[in-house]
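No experiment lies behind these values; they were computed from the predicted model shown. Letters go in sequence order (proteins before strands), and every chain restarts at 1.
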Amino acid sequence: MLERIEKSSEIRHWIGDMEADHYYYSAGIAGEKFFVALRDEGKIVGAHCATCNLTYVPPRIYCERCFAELTEHKDMGKRGCVVAFTVAHYDKAGQRLDPPESFALISLGPRTTPLLHKLGEIAPEKICVGLEVEAVLKPQREGKITDILYFKPVK
Amino acid sequence: MRDVVVLGVGATAFTSQTPEVNWKELMYDAAVKAYADAQIDPRRDVDSFITCAEDFWEGFSIFDEFTPDQLGAVMRPMMTVTGDGLQGLANAYMQIKTGMFNIVVVEAHSKVSELLTYEHVVEMAFDPIYERPLSAERNVHPYYVAGLEMNLYLHATGTTEEQCAFVAVQNRRQALSNPLAPYGARIGLQEIYRSGYAFSPLKKWEIASRADGSIVFVLAAEEIARRITKKPLVYLEGIGWSSESPWISARSADAGYARRAAQLAYRQAGITDPRRQIDVIEVEDRFAFKELQHLEALGFARPGEAGWLAQSGALGLDGELKVNLSGGSLGCGDLLEASALQRALEIVLQLRGEAGARQVPNARVGVAQSWRGLPHGTGAVAVFARRD
Ligand SMILES: [Zn+2]
């Protein structure tokens with residue numbers, strides 16, 4: 001009753017592609033700081049705005065609230081708590097994900113912007129807001145956000 | 001400064017498929033209806049044209065170059081707003097307010113059925129370094145962010161999943177009285193629950209399906225409109241828009257973009273007590289919880305109150321607040337940038353007394369609110385009114 005055909009592929013049509021598949025994205029000054037610290041020291045760093053008393057994770061070179069330049073970096077540690085979460089059951093093709101994938105906003109301290117990442121080593125029904133978690137890092141790191149495999153519950 | 005009125009509106013029906021016309025013919029259909037409604041000839045009377053579009057939705061590079069002919073705009077001032085239909089209306093409003101132009105046309109559309117990689121285009125709107133890689137490995141649908149934001153909103157306000165499911169039931173039912181809406185259905189809470197979690201706590205049938213369609217607005221300076229028509233005029237009394245942080249992780253739980261956009265629009269329109277002053281309300285509901293969040297952001301309810309209003313039946317044609325009588329995006333379909341104009345269209349029809357079975361008696365003031373959708377926090381608010 002609620003299903004409709006939403007894509008035109010079964011009807012007479014002409015195929016075209018947007019020639020926009022390949023881009024090169026720079027990490028930037030703040031990104032360099034973040035990814036080098038993650039790769040070489042296994043640290044998650046943020047940038048602190050003293051005016052707003054707010055720390056951005058990942059770091060940026062400016063504060064989005066007061067527009068100050070941010071030069072003070074902090075090691076956030078690897079522990080935090082879940083601010084919000086979701087358990088995703090579908091992939092981009094509309095197929096069910098088995099097992100589902102869990103995502104969360106993770107706060108690494110008071111007055112910080114949370115980090116978006118995945119949760120692991122926990123059953124979906126056990127996840128809750130406020131859950132204490134810690135980052136699980138890859139042993140061999142390349143300077144990517146996926147050097148953090150996921151966050152797992154603190155035992 | 002001169003006042004701005006809606007001289008005419010036109011729309012195609014909204015449907016999940018439109019293989020019988022191409023995208024230009026879809027726009028032409030809506031334009032012809034709008035010009036007839038406004039009693040104007042676009043080649044003679046219209047000073048400026050605006051479309052609202054985004055290259056990636058359209059499958060064209062530099063899409064704005066492809067829009068003049070189907071609107072009657074060849075050799076005229078023409079521009080594309082890379083934003084939603086209300087942002088397009090805002091530009092038209094300013095073009096008329098300044099005195100530069102007298103009659104301005106705004107068009108927005110969706111031909112999303114022909115976009116075979118919709119999910120990939122949405123994913124490409126995520127930050128490529130910090131956000132995209134997280135879902136790329138297992139090809140996760142980018143709507144997972146809606147689940148995260150719903151969880152954030154429920155936790156912050158105490159709104160329940162059942163209250164959100166009520167919205168999905170009500171808007172699909174309401175769409176049955178809107179002849180333009182393709183997704184009307186008489187279903188109950190059990191169907192919503194049975195559809196299961198898509199991105200918990202968001203359920204599958206709390207997500208709007210997509211639709212094709214085109215909507216055209218003709219705006220005019222009041223004194224020009226008076227020369228053309230004797231019909232009561234609908235005034236655009238105020239319009240505002242705002243963007244939150246683009247970072248998914250820095251987003252507020254209370255749709256701050258909508259709150260700010262409403263403040264701008266309300267100030268221009270002299271709205272100080274929206275719940276008492278506004279008769280008809282159209283807010284964005286691509287995900288059912290967004291309707292509740294947006295009602296609170298627009299000042300129709302306190303944080304956490306909108307869900308109770310939904311559950312108690314206060315948000316329908318017979319309720320205290322006349323919300324999404326068009327069926328909203330859940331009933332009309334997600335029309336991309338045109339969803340914003342669909343909300344404005346409903347308000348205009350209501351204020352003119354042309355809303356048929358879902359007409360609110362004596363509707364005088366209405367508000368339309370848009371949200372451009374995931375993963376971003378941009379939205380607009382427009383206040384319309386009858387003055388006669
Ligand atoms: Zn600051």
Trainee: If I measure from the heavy atoms of chain B, does A/E64 come under 4.5 Å with its side chain, its backbone, both, or neither?
Mentor: side chain

Trainee: Where on B/D212 is there a heavy atom nearer than 4.5 Å to chain A: the side chain, the backbone, both, or neither?
Mentor: neither

Trainee: So for atom CD, which belongs to A/E132, do other residues, nucleotides or ligands contribute more than 12 heavy atoms lying within a distance under 6.0 Å?
Mentor: no

Trainee: Can you see which heavy atom on B/L148 is nearest to which on A/T86, and at what distance?
Mentor: N-CB, 3.6 Å

Trainee: Where does A/R65 contact chain B at under 4.5 Å (heavy atoms): side chain, backbone, both or neither?
Mentor: neither

Trainee: Which heavy-atom pair separates B/H155 from A/V129 by the least distance, and what is that distance?
Mentor: NE2-CG1, 3.3 Å

Trainee: Which bit of B/R251 comes within less than 4.5 Å of chain A, counting heavy atoms only: side chain, backbone, both or neither?
Mentor: neither

Trainee: With a 4.5 angstrom heavy-atom cut-off, is it the side chain or the backbone of B/M150 that approaches chain A, or both, or neither?
Mentor: neither

Trainee: Given that the side chain runs from C-beta out, which part of A/P100 has a heavy atom under 4.5 Å from chain B: side chain, backbone, both or neither?
Mentor: backbone

Trainee: Within a reach of under 6.0 Å around CD of A/Q140, are more than 12 heavy atoms found that belong to other residues, nucleotides or ligands?
Mentor: no

Trainee: For A/S26, is it the side chain, the backbone, both, or neither that has a heavy atom closer than 4.5 Å to a heavy atom of chain B?
Mentor: backbone

Trainee: Give the minimum heavy-atom separation between A/K92 and B/V140, together with the two atoms involved.
Mentor: CG-O, 3.5 Å

Trainee: Within a reach of under 6.0 Å around NZ of A/K144, are more than 12 heavy atoms found that belong to other residues, nucleotides or ligands?
Mentor: no

Trainee: Is A/Y23 close to chain B through its backbone or its side chain, or both, or neither, when contacts mean heavy atoms under 4.5 Å?
Mentor: side chain

Trainee: For A/E32, look at atom CD and say whether over 12 heavy atoms of other residues, nucleotides or ligands are found less than 6.0 Å away.
Mentor: no

Trainee: For chain B, find which of A/Y25, A/Y90, A/F103 contributes the most heavy-atom pairs closer than 4.5 angstrom.
Mentor: A/F103

Trainee: Out of A/A27, A/G16, A/P58, A/P124, which one racks up the most heavy-atom pairs below 4.5 Å with chain B?
Mentor: A/P58

Trainee: Between chain A and each of B/P182, B/A136, B/G333, B/S61, count heavy-atom pairs under 4.5 Å; write down the option with the most.
Mentor: B/P182

Trainee: Counting heavy-atom pairs under 4.5 Å to chain A, which of B/A198, B/A250, B/A146 comes out on top?
Mentor: B/A198

Trainee: Looking at A/V57, A/I148, A/T146, A/L97, which makes the most heavy-atom pairs under 4.5 Å with chain B?
Mentor: A/L97

Trainee: Grab the two heavy atoms, one from B/L116 and one from A/I15, that are nearest each other, plus how far apart they are.
Mentor: CD1-CD1, 4.3 Å

Trainee: Top residue by heavy-atom pair count (under 4.5 Å) with chain A, among B/S245, B/S195, B/S200, B/A253?
Mentor: B/S200

Trainee: Verify the neighbour count for atom CD of A/E69: are there more than 12 heavy atoms of other residues, nucleotides or ligands below 6.0 Å?
Mentor: no

Trainee: With a 4.5 angstrom heavy-atom cut-off, could you sort out which part of A/F34 is near chain B: side chain, backbone, both or neither?
Mentor: side chain

Trainee: Between B/Y197, B/F199, B/F60, B/W205, which residue shows the highest count of heavy-atom pairs closer than 4.5 Å to chain A?
Mentor: B/W205

Trainee: Quick check on B/E137 against chain A: is it the side chain, the backbone, both or neither that has a heavy atom closer than 4.5 Å?
Mentor: side chain

Trainee: Quick one: does any side-chain atom of B/N151 pair with a main-chain N or O of A/F85 as donor and acceptor, under 3.5 Å?
Mentor: yes

Trainee: Does A/I29, at its CD1 atom, have more than 12 non-hydrogen atoms belonging to other residues, nucleotides or ligands within less than 6.0 Å?
Mentor: no

Trainee: If every non-hydrogen atom of A/P114 is compared with every non-hydrogen atom of B/S249, which pair is closest and at what distance?
Mentor: O-CB, 2.8 Å

Trainee: Of all heavy-atom pairs between A/L116 and B/E131, which one has the smallest distance, and what is that distance?
Mentor: CD2-CG, 3.9 Å

Trainee: Side-chain contact test, heavy atoms from C-beta onward, threshold under 4.5 Å: evaluate it for B/L134 versus A/I145 and give yes or no.
Mentor: yes

Trainee: Mind ranking A/E101, A/Q95, A/R96, A/K118 by heavy-atom pairs under 4.5 Å with chain B and telling me who comes out on top?
Mentor: A/E101

Trainee: Report which part of B/T15 has an atom under 4.5 Å of a heavy atom belonging to chain A: side chain, backbone, both, or neither.
Mentor: neither

